[in-house]
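A short worksheet on the structure shown next.
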Amino acid sequence: QVQLEESGGGLVQAGGSLRLSCAASGRTFSGSAMGWFRQAPGKERDFVAAISWSTGTTYYADSVKGRFTISRDNAKNTVYLQMNSLKPEDTAVYYCAIRQGYIGSYYSKDYNYWGQGTQVTVSS
């Protein structure tokens, strides 16, 4: 059973930074890809970023390119999302997820396991 646990959310002022972590356990993850999604109240769950566990290839939503960076630490089975220059519209619950396959996907339906989410609130 795969388990994903997010941490690092919180309240930050616009222009500030946060780093989210997603610790994965339960299996080996080579051949998988990890993704971050976010969901604001009343909205759909949107893709943020993804990374191939083995190759390190990264994928980003246009709305976060240049501000967010996804990375992984294979030894710790942990994926990070460094978020800089945060904006009020970044406010959401952030979820990490894992899917089979080397290539990251922009679609939530392609991910097999999800964490519980961590709240990020950016004040103006």
Fill in the blank from the handout: Gln100 meets the side chain to side chain donor-acceptor pair (under 3.5 Å) criterion, sequence neighbours left out, with none
Completion exercise
For residues 70-79, the salt bridge (Lys or Arg N to Asp or Glu O under 4.0 Å) pairs (sequence neighbours left out) are none
Handout entry: Joint hydrophobic cluster, Ile51 plus Val64, side-chain heavy atoms closer than 4.5 Å
Key = yes
Problem - Contacts of type side chain to side chain contact (heavy atoms under 4.5 Å, CB included), residue Ser54, not counting sequence neighbours - result: Ser52, Tyr102
Fill in the blank from the handout: In terms of heavy-atom contacts, Trp114 and Tyr111 come closest through NE1-O, 3.6 Å
Handout entry: side-chain hydrogen bond (donor to acceptor under 3.5 Å, both in side chains): pairs with one or both residues in residues 115-124, sequence neighbours excluded
Key = Gln119-Thr121
Practice task
Check the pair Leu4, Ile98 against side-chain contact (heavy atoms from CB on, under 4.5 Å), reporting the backbone distance first and the verdict last.
Solution key: CA-CA 8 Å; Leu4 303 175; Ile98 189 170; 4.1 Å; yes
Practice task
Return each pair, listed once, that meets salt bridge (Lys or Arg N to Asp or Glu O under 4.0 Å) where at least one residue sits in residues 77-105; pairs must be two or more places apart or across chains.
Solution key: Arg38-Asp90, Arg67-Asp90
Handout entry: Pairs satisfying disulfide bond (SG atoms under 2.5 Å apart), at least one member in residues 48-124, at least two apart
Key = Cys22-Cys96
Fill in the blank from the handout: Residue pairs meeting salt bridge (Lys or Arg N to Asp or Glu O under 4.0 Å), one or both in residues 50-64, sequence neighbours left out, come to Asp62-Lys65
Completion exercise
So the ring pair (Phe, Tyr, Trp, His ring centres under 6.0 Å) pairs with at least one residue in residues 40-60 (sequence neighbours excluded) are Phe29-Trp53, Phe37-Phe47, Phe47-Tyr106
Problem - Co-membership, hydrophobic cluster, residues Val93 and Met34, 4.5 Å side-chain - result: no
Handout entry: Side chains of Leu20 and Val120 in contact at under 4.5 Å (non-hydrogen atoms)
Key = yes
Practice task
Please report the C-alpha distance between Thr69 and Leu81 in whole Å, then the side-chain angles of each, then the deciding distance to 0.1 Å, and finally whether the side-chain contact (heavy atoms from CB on, under 4.5 Å) criterion is met.
Solution key: CA-CA 6 Å; Thr69 302; Leu81 185 68; over 6 Å; no
Problem - side chain to side chain contact (heavy atoms under 4.5 Å, CB included) involving Ser71 - partner list, sequence neighbours excluded - result: Tyr80
Practice task
Please say whether more than 12 non-hydrogen atoms of neighbouring residues, nucleotides or ligands are located less than 6.0 Å from CD1 in Ile103.
Solution key: no
Exercise for the section: Can you sort out the partners of Ala23 under side chain to side chain contact (heavy atoms under 4.5 Å, CB included), two or more places apart, ordered by chain and number? Expected result: Thr78
Practice task
Carefully, step by step, assess Ile70 and Val79 under the rule side-chain contact (heavy atoms from CB on, under 4.5 Å).
Solution key: CA-CA 7 Å; Ile70 189 171; Val79 172; 3.8 Å; yes
Exercise for the section: Scan residues 56-86 for pairs that pass disulfide bond (SG atoms under 2.5 Å apart), counting only residues two or more places apart or in two chains. Expected result: none
Exercise for the section: May I ask you to test the Phe68-Gln82 pair for a side-chain heavy-atom distance under 4.5 Å? Expected result: no
Problem - Residue pairs involving residues 1-24 (criterion side-chain hydrogen bond (donor to acceptor under 3.5 Å, both in side chains); sequence neighbours excluded) - result: Ser17-Asn84
